[in-house]
Structure formats: structure tokens, C-alpha cells
Amino acid sequence: MRRDVRGRVVLVTGASRGIGRRVAERLAKLGAILALTARSVDDLTTLADALKATGARVEVFAGDLTKSEDRTRIVSQTVECFGRLDVLMNCAGVCSFGEFSSSSEEVVRKVLEVNFFAPVEMIRVAAPHLTRSFETARDGWRPAIVNLASICGRWGIPSMSEHCASKHAFVGLTESLRGEFERFGIDVLLVLPGLVRSDDLQKHLLRNEGKIHLNFEGAQPSDEVADSVVRSLLNNRVERAVGFASWWVWFGKRMFPRGVRFFMQRKVWKYARREKRAGVV
Ligand SMILES: NC(=O)c1ccc[n+]([C@@H]2O[C@H](COP(=O)([O-])OP(=O)(O)OC[C@H]3O[C@@H](n4cnc5c(N)ncnc54)[C@H](OP(=O)(O)O)[C@@H]3O)[C@@H](O)[C@H]2O)c1
């Protein structure tokens, strides 16, 4: 199946920067009508103005997705403004890089709020509108929910326990909803990036004290990830691991899980040895 997004109303969360922003830019080029959301109004407005200058139809509905009233408002403003909602792209998220032993209940809850409860409740609010999009379609159109999770949702990476917990929960929910929403004509798609270069690592990471080596600067550009996210929507790809690192873990988990486990543990030991040599511990 090939999905044509021309003239379709797409709500993109996390559109102020990073992958969400790039996804919005690509969808605008494809002729989608865009509702953009995140908390940073100025960044959203700058993006919307740039896209409008190219002829795209774009509106900004800013809000904090961890707040119930904001989620409801963002979806109803989208529907009031454009008359319907055809696609929900769940791109917003945060990450916490650090060991469980140095974490806190506050961090775990914050990560779960943004990465799990917020998109889950966005889906709940958007689902009736997406169902209507299917019921009123005359041309075989199928609405979609695209959930941008992470390879952390398929394998527990050391020093990312809260993040992995949130993404595993999100992946599980996505798989359940795929079955449930089939009867409403809604496709539920999953994208699993590996390590992605952030526009602003300070904002992306709630904490940055992990004890394995991850090269955030040399990671995959968010432009490449956004290309894959949009391709997943257009080609109705149920699950896609994006980038070599993600694909390697995804494939390794199926084919040689002990090898992947060994590799992860080795990364932890290597880091500990380096710290010891440097006299940190
Ligand atoms: N970067 C990576 O290495 C990586 C790897 C795998 C998966 N992913 C996933 O991909 C998604 C996007 O990541 P990214 O790298 O693009 O991150 P990013 O550059 O930090 O962007 C995150 C977006 O989420 C929004 N956001 C965060 N908290 C929010 C809240 N409470 N309410 C509303 N919006 C909120 C941010 O906007 P405001 O701050 O303006 O609200 C921003 O637009 C996330 O789900 C992430 O887990 C990222």
C-alpha cells in the first residue's frame, strides 16, 4: 500500500526541533496540511512561517503533552481549524542517560510521562477523529498513527534503564493497538531509530551521566531518520529499525541474543576500566 498524504491533516508532536521538525518539513513538501505542536512556541512559529512561505498549510498549536488539558486542546484545535485529523505522528520525547543506581523516582516518572503516557493519551484523544477519517474516506484512504520509539524499546541498553522502560512500554502498546485499531481502519506504525544526533543535547537529555561510551556527536543525522519516518508512513511499514546500529541490535536480538548481551556488557566493563585507569573511581 502507498499512502498519499497530499491534502491530509497530519498532527506532528515534537515539531520544534530534532526528528519531529524534519518530519514536518518533509510532509509539507509532500503537500500535507500540518498541525505542529511542542512547548517552544517561538521555534514552532519560525518553522511554520518558513513552511508557509513555500506554500504549505501549517498551524501551530503549542502545549505541554504531559498535561491532559493541553492534549485535548491541541487535538480539538487541529480538528476545528482543518475540519479533520488524518494522521498522528508521535515524535516528541526525552532521554535519560545514566545508571539506575544514580537515578531517582522523579526521573523515572518524568521519562515515562513524556515518552509513554503523553503519546498514549494523545492516541486516545485522536483515535475518534482518525476513525472518522477512515469512515468518511471515499478513496480507500487509511489513517495512521506513527509512533517514534527507539531501538531501546527492543533491547535494554545499559545506562538507559528509564528510557528503555518507557520505550518498551510504548512498543508493547503499539503492537496491541495495531490489532485493536485494525477494525477502525487505523494503521499503527512503529519506527525504531538508534543513536541520533540531537539539535540540542542539553534539552534532549534529562541527565547525561551514563557509564557506557555513546558517541552522540557522531550519531545518525536526524534528517536521515526523518526520511525513514516519512517513508514508513508513505509505504505503511509496520516496523522499521533505522540506521545500522539500530538494525544491528534489532537483527542481533533475533539471531544471536547472547552475542548482543555480551557486547553490551563489554561496553560497561570497558567504560569502568577506563574510569579506573583515569583514577575516577
Ligand atoms: N535522539 C536520539 O538519539 C533518539 C534515538 C532514538 C529515538 N529517539 C526518539 O525520537 C523522538 C525525537 O527525538 P529527538 O532526537 O528529535 O529529540 P529532541 O531533538 O530533543 O526533540 C524532542 C521534541 O519533543 C518535544 N517535547 C519534549 N517534551 C515535551 C513535552 N512535555 N510536551 C511537548 N513536547 C515535548 C520537544 O519540544 P519542546 O522542548 O519545545 O517542548 C522537541 O520538539 C523521541 O521520542 C526520542 O525518544 C531519539
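Whatever order the structure lists them in is the order used to number ligands and atoms, beginning at 1.
At a heavy-atom distance under 4.0 Å, only side-chain atoms of H163, from C-beta outward, approach ligand 1. Neither the backbone nor the side chain of R21 has a heavy atom within less than 4.0 Å of ligand 1. Only the side chain of S198 comes within contact range of ligand 1, with a heavy atom under 4.0 Å; no backbone atom does. The proximity of D64 to ligand 1, defined as any non-hydrogen pair under 4.0 Å, involves the side chain as well as the backbone.
Using a 4.0 Å cut-off to heavy atoms of L148, the atoms of ligand 1 that qualify are 10 (O), 11 (C), 45 (O). Of all atoms in ligand 1, numbered sequentially from 1 with element shown, those under 4.0 Å from a heavy atom of T66 are 31 (N). Close contacts of ligand 1 with G63, meaning ligand atoms under 4.0 Å from a residue heavy atom, involve 32 (N), 33 (C). Short contacts between ligand 1 and G18, defined as distances under 4.0 Å to a heavy atom of the residue, involve ligand atoms 16 (O), 19 (O). Applying the 4.0 Å criterion to heavy atoms of V114 picks out, from ligand 1, the atoms 28 (N). Proximity to L65 (heavy-atom distance under 4.0 Å) selects the following atoms of ligand 1: 30 (C), 32 (N), 33 (C).
The salt bridge (charged side-chain N to carboxylate O under 4.0 Å, His left out) with D227 is formed by just one residue from the set K29, R26, R22; it is R26. Considering D223, D199, L148 in turn, L148 is the only one that fulfils the side-chain contact (heavy atoms from CB on, under 4.5 Å) rule with I19.
Taking 4.0 Å as the cut-off, A118 does not count as a neighbour of ligand 1 on heavy-atom distance. Ligand 1 is never approached by N115 to a heavy-atom distance shorter than 4.0 Å. Heavy-atom distances between R17 and ligand 1 reach below 4.0 Å in at least one pair.
Closest to atom 37 (O) of ligand 1, if we only count protein heavy atoms, is S16 OG, 2.9 Å. With respect to atom 16 (O) of ligand 1, the closest heavy atom belonging to the protein is I19 N, 2.8 Å. Protein heavy atom in closest approach to atom 46 (C) of ligand 1: K167 NZ, 3.8 Å. Summary of contacts: the protein heavy atom closest to atom 5 (C) of ligand 1 is G194 O, 2.7 Å. Among protein heavy atoms, atom 23 (C) of ligand 1 sits closest to G14 CA, 3.6 Å. What sits closest to atom 28 (N) of ligand 1 on the protein, heavy atoms only, is R39 NH2, 3.4 Å. Scanning the protein for heavy atoms near atom 26 (N) of ligand 1, the closest one is A92 CB, 3.9 Å. Regarding atom 17 (O) of ligand 1, its nearest protein heavy-atom neighbour is H204 ND1, 3.0 Å.
Counting heavy atoms of neighbouring residues, nucleotides and ligands inside a 6.0 Å radius, atom CZ of F262 does not exceed 12 of them.
A salt bridge between E209 and R207 is present, with a side-chain N of the basic residue lying under 4.0 Å from a carboxylate O of the acidic one. Salt-bridge formation is not detected for the pair K110/E105: no Lys NZ or Arg NE/NH1/NH2 atom is positioned less than 4.0 Å from an Asp or Glu carboxylate oxygen. Between D4 and R2 no salt bridge is recorded (no basic side-chain N to carboxylate O distance below 4.0 Å). The residues E135 and R132 are annotated as not salt-bridged, no charged nitrogen and carboxylate oxygen being separated by less than 4.0 angstrom. Taking a cutoff of 4.0 Å between a charged side-chain nitrogen and a carboxylate oxygen, E113 and R71 do not qualify as a salt bridge. One finds a salt bridge joining K211 and E275 here, because a Lys/Arg side-chain nitrogen approaches an Asp/Glu carboxylate oxygen to under 4.0 Å.
The heavy atom nearest to atom 9 (C) of ligand 1, considering only A149, C152, S150, is found in A149. Ranked by closest heavy atom to atom 11 (C) of ligand 1, the top entry among P193, C91, A38, G93 is C91.
Figure legend: R273 and W269 shown without cation-pi pairing, the cationic atom not lying both under 6.0 angstrom from the six-membered ring centre and within 45 degrees of its axis.
Of the inter-residue distances, the one linking N147 atom CG with R178 atom CZ reads 9.0 Å to the nearest 0.5 angstrom.
Here's the thing with D199: none of its N/O atoms is less than 3.5 angstrom from an N/O atom of ligand 1.
Contact record, C152 with H163: SG-CD2, 3.6 Å, taken as the closest heavy-atom pair.
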Can you give me every donor-acceptor pair (side chain of residues 35-50, partner residue at least two apart or in another chain, under 3.5 Å) with its distance?
from, atom 1, to, atom 2, distance (Å)
T37, OG1, F61, O, 2.7
T45, OG1, V41, O, 2.7
T46, OG1, D42, O, 2.8

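The ring of W248 has its center closer than 6.0 angstrom to the ring center of F263.
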